[in-house]
Amino acid sequence: MENIILVRYEEIFLKGLNKNVFENKLIKNIKRKLANMAIVNVRKSQSRIYVESSDRDFDIEEAIIRLRKIFGIASVSPVAKVPSEYGIIKDTSLKVVGELLSKKSLFTFKVEAKRGDKKFPLNSPQICADVGGHVLKNFPQLKVNVHNPDFILYIEVREETYLYSQIIPGARGLPTGTGGKASLLLSGGIDSPVAGWMIAKRGVELEAVYFHSYPYTSDRAKDKVIKLAGKIAEWCMGLTLHIVPFTEIQLEINEKCPQEYLTIIMRRYMMKIAERIAEKSGSLALVTGEAIGQVASQTMESMLVTNDAVTLPVYRPLIGMDKNEVIEIARKIDTFDTSILPYEDCCTIFVAKHPVTKPSLLKTLEYEKVLDEENLINNALFSTEIMEI
Ligand code: ATP
Ligand code: MG
């Protein structure tokens, strides 16, 4: 009996002639993600992917944890692969059920058999009935329930036979690298990591841009963002983090522009700098964690003024979400606990008592004129720190 992992994908089937491109990318990503584990063989067969290793130390559970963070995978199952001989299949059924029952207490089951190889002497209903009886005899605590069983023993008879009892959900989405690249404005908050994850889920590669206002924001705030970038990187096959020094710009805006327009002008500068970085690295969009109405700088009017600063599209995947919905995803993708660590963020330091909630674009442009934009932006870009995560 060989232990292997069956990987299923779904949305890729809709891709018609491009299907191969998506499948090959997915295989490549799987190989990369498992590369340092053991020698693994990743092969495609009949619109599924099989991950196999002849290495005794191959840690299937760890491999499954990693596979669940690869976009494009709909579900995975640890499977036992055996020759298509009925005696062996029956024996292996007991092993698979025994292993499952050693981990969980379950009481009812059914067998679902699929006979792909029509030369096999028994048909599917015959396999179900006979293996079902065999399992019952050996595990007297179990009962059959065909409508709502605690678990299903799947038996797929092909050239070889595959047996499994668990279908573990994957991340879904599309394989990283099939959707171009985007630049995520990553702060230390709850929202932007979730926004990045949602875009990455659609197969988009990410880079992250963080604006650091040292010494108003500490090195600990920066470490927190690096940690968050690491969490996101697990989902999107790694990323580049740009750490942009932002203090000079904030001090200039603070000194020269009207208080109630500080935040909106600062946000326009973030966009402009992120756009320069994006253009250099081939990103096709900027991504933020904004949602309508969350704060003054996220009203429809404010976002109109923010967007005016750039020509690249700005994607805001959280735009219609409530905070609780965002938190739910943040927990699921394991960024929440890092996001709520209590470190100051740059926007909370230079905040006006009464920021405009409905900024006028004309006024904004007028107020901005006093700033030496080219110089400020070039200085910031010149001192930007770049990290591969
Ligand atoms: P978050 O939880 O993502 O910090 P927020 O609710 O605190 O969001 P804002 O501070 O208004 O909202 O920021 C809105 C968006 O602007 C963030 O989601 C992020 O994309 C971007 N942003 C804010 N501050 C920074 C920063 N210091 N560096 C990079 N991007 C930032
Ligand atoms: Mg924030």
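Read the numbers this way: they start at 1 and go in the same order the structure lists the ligands and their atoms. Note: hydrogens, waters and symmetry copies are ignored here, and every other heavy atom, side chains too, is used.
Taking distance alone, with nitrogen or oxygen atoms compared against 3.5 Å, G289 approaches ligand 1 more closely than that limit. Inclusion of I190 in the set of residues having an N or O under 3.5 Å from an N or O of ligand 1 is warranted. Taking only nitrogen or oxygen atoms, main chain and side chain alike, T288 does not reach within less than 3.5 Å of ligand 1.
Counting heavy atoms from C-beta on, the side chains of F382 and P245 never come closer than 4.5 Å. Looking at F120 and I89, their side chains come closer than 4.5 Å, going by heavy atoms from C-beta outward.
Between the D117 side chain and the V157 main chain, no donor and acceptor come within less than 3.5 Å of each other. Under a 3.5 Å cut-off, the side chain of E252 and the backbone N or O of L371 do not form any donor-acceptor pair. The backbone N or O of N148 sits less than 3.5 Å from a side-chain atom of N145, completing a donor-acceptor pair.
Comparing S192, G188, P193, A221 by heavy-atom distance to atom 3 (O) of ligand 1, the nearest is S192. Of the candidates Q298, H242, R267, R267 brings a heavy atom nearest to atom 15 (C) of ligand 1. In this structure, of V225, L228, L185, the residue bringing a heavy atom nearest to atom 19 (C) of ligand 1 is L185.
Both the sub-6.0 Å distance and the 45° axial angle are not jointly satisfied by K19 relative to the ring of F22.
Residue contact check: D191 has heavy atoms under 4.0 Å from atoms 1 (P), 2 (O), 3 (O), 5 (P), 6 (O), 8 (O) of ligand 1. Numbered from 1 in the order shown, with element, the atoms of ligand 1 that lie under 4.0 Å from a heavy atom of Q294 read 5 (P), 6 (O). In summary, the atoms of ligand 1 found under 4.0 Å from a heavy atom of G189, numbered by their order in the structure, are 1 (P), 2 (O), 4 (O). Taking every non-hydrogen atom of L186 and a distance limit under 4.0 Å, the qualifying atoms of ligand 1 come out as 28 (N), 29 (C), 30 (N). Less than 4.0 angstrom separates some heavy atom of V209 from each of these atoms of ligand 1: 29 (C). Listed by atom number, the atoms of ligand 1 under 4.0 Å from S297 heavy atoms are 11 (O).
A salt bridge links E374 to R276: one of the charged nitrogens lies within less than 4.0 Å of a carboxylate oxygen. Using a cutoff of 4.0 Å between basic side-chain nitrogens and carboxylate oxygens, K332 and E328 are not scored as salt-bridged.
Below 30°, between 30° and 60°, or above 60°: for W235 and W197 the angle between ring planes is above 60°, a perpendicular geometry.
Counting heavy atoms under 4.0 Å from ligand 1, residue H212 does not touch it at all.
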